[in-house]
*Asks:* 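Have a look at this one.
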Amino acid sequence: MSDPILRLQDVRKTFGGLVAVSDVSFDVMRGEILGLIGPNGSGKTTTMNLISGAFPLTRGTITLEGETISGLPANRVARKGIARTFQLLRLIDDMTVTENVAVGLAFRPGQPWNADLVTRCRRYLDVVGLAAKAEWEVAKLTYIDQKRLELARALAMEPKVLLLDEWLAGLNATELLSGIEIIRNISNLGVTIIMVEHVMSAIHSLCDRCVVMNAGAKIAEGTPAAVLTDPHVVEAYLGEPHHA
Ligand SMILES: Nc1ncnc2c1ncn2[C@@H]1O[C@H](COP(=O)(O)OP(=O)(O)O)[C@@H](O)[C@H]1O
Ligand SMILES: [Mg+2]
């Protein structure tokens, strides 16, 4: 895994006088799961928003497979192959599970609206373990099932890179295990994943590498085993070293 699919170079984002992301550079390798971690307010979500095109950069460059994507609007970035989930769920309550996934598919370029669509939706529902509830109304789903659905909808865009912002947050211990399994399944499909996460057991079991942020800056980068015992990371974020 030495082929960078995504590169951030000197990426900066200010909101008025506040520097939310301060000249951050890192590469994301094709096929890896990269953890983006750090204390609250350290700039993780903003970094994800810059990658997805939700916010324009103040300075710097983001490239996907060598092509500059910074400066493009979010819908263009999505079409280039970057999908995201949101920290707060955004599903359409009075539609069925399948219809919600179809909404994701409809955003793909050149997608015909036909019967094959339902089959394709089922495939993504399978990956997230929601096929049995394909015809349910979204309003009737439990919280974790809504989260599964949100993921199926992102997968329907057949992304090269998937951005997960605290996707595991709020799950109980059992749900956390299935959540970890689902992320692993998606990774096994060949999708590159960037995940913002506070659940260190998940970071340990899923991530190939981590980038650690503090006060907008990158303070460490490396394997989970290395960064989660790094004294700088312990001081800024963890309080004590975290071992697998
Ligand atoms: N849209 C915005 N307008 C103004 N300030 C923002 C905005 N989004 C984030 N910030 C600020 O940027 C900093 C980083 O926030 P964020 O990226 O959400 O951190 P994290 O996800 O690591 O908790 C915080 O100080 C936050 O208040
Ligand atoms: Mg955040």
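We count ligands from 1, going down the list as the structure has it; atoms in each ligand are counted the same way. Nothing here was measured: the structure is a model prediction, and the numbers come from that model.
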*Asks:* I want to confirm something. Looking only at heavy atoms, which of T46, L18, I37, T45 is nearest to atom 26 (C) of ligand 1?
*Replies:* L18

*Asks:* Decide, yes or no, whether a salt bridge links E175 with K147 under the criterion of side-chain N to carboxylate O below 4.0 Å.
*Replies:* no

*Asks:* Within less than 2.8 Å of the Mg ion (ligand 2), any N, O or S from T45?
*Replies:* yes

*Asks:* Is any side-chain heavy atom of K44 closer than 4.5 Å to one of D165?
*Replies:* no

*Asks:* Quick one: which ligand 1 atoms are inside 4.0 Å of a heavy atom on N40?
*Replies:*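 Taking each heavy atom of N40 in turn, ligand 1 has 23 (O) under 4.0 Å.
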
*Asks:* Can you tell which of A215, G41, G216 gets a heavy atom nearest to atom 20 (P) of ligand 1?
*Replies:* G41

*Asks:* Report, in ascending order of atom number, the atoms of ligand 1 lying under 4.0 Å from any heavy atom of A20.
*Replies:*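 Result: 12 (O), 13 (C).
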
*Asks:* Hey, is E135 close enough to R122 for a salt bridge, meaning N to O under 4.0 Å?
*Replies:* yes

*Asks:* Salt-bridged, R123 to D126, with N to O below 4.0 Å?
*Replies:* no

*Asks:* Could you tell me if the side chain of I183 sits less than 4.5 Å from the side chain of L168, heavy atoms only?
*Replies:* yes

*Asks:* Go through ligand 1 atom by atom and flag the ones less than 4.0 Å from a non-hydrogen atom of S42.
*Replies:*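 Matching atoms, with element in brackets: 19 (O), 20 (P), 22 (O).
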
*Asks:* With heavy-atom distances below 4.5 Å as the criterion, would you say the side chains of V196 and T47 are in contact?
*Replies:*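 No, every pair of side-chain atoms sits at 4.5 Å or beyond.
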
*Asks:* Would you kindly specify which portion of V196 sits under 4.0 Å from ligand 1, judged on non-hydrogen atoms: side chain, backbone, both or neither?
*Replies:*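 Contact part for V196 vs ligand 1: neither.
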
*Asks:* Could you tell me if any non-hydrogen atom of G43 lies under 4.0 Å from any atom of ligand 1?
*Replies:*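 Contact present.
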
*Asks:* Do M29 and D208 come within less than 4.5 Å of each other through their side chains, counting heavy atoms only?
*Replies:*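 Sidechains of D208 and M29: no contact.
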
*Asks:* Indicate yes or no: does an N/O atom of F55 lie under 3.5 Å from an N/O atom of ligand 1?
*Replies:*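 No, since none of the N or O atoms of F55 sits under 3.5 Å from an N or O of ligand 1.
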
*Asks:* Using a 4.0 Å cutoff against the non-hydrogen atoms of P39, which atoms of ligand 1 qualify?
*Replies:*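 Those atoms are 22 (O).
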
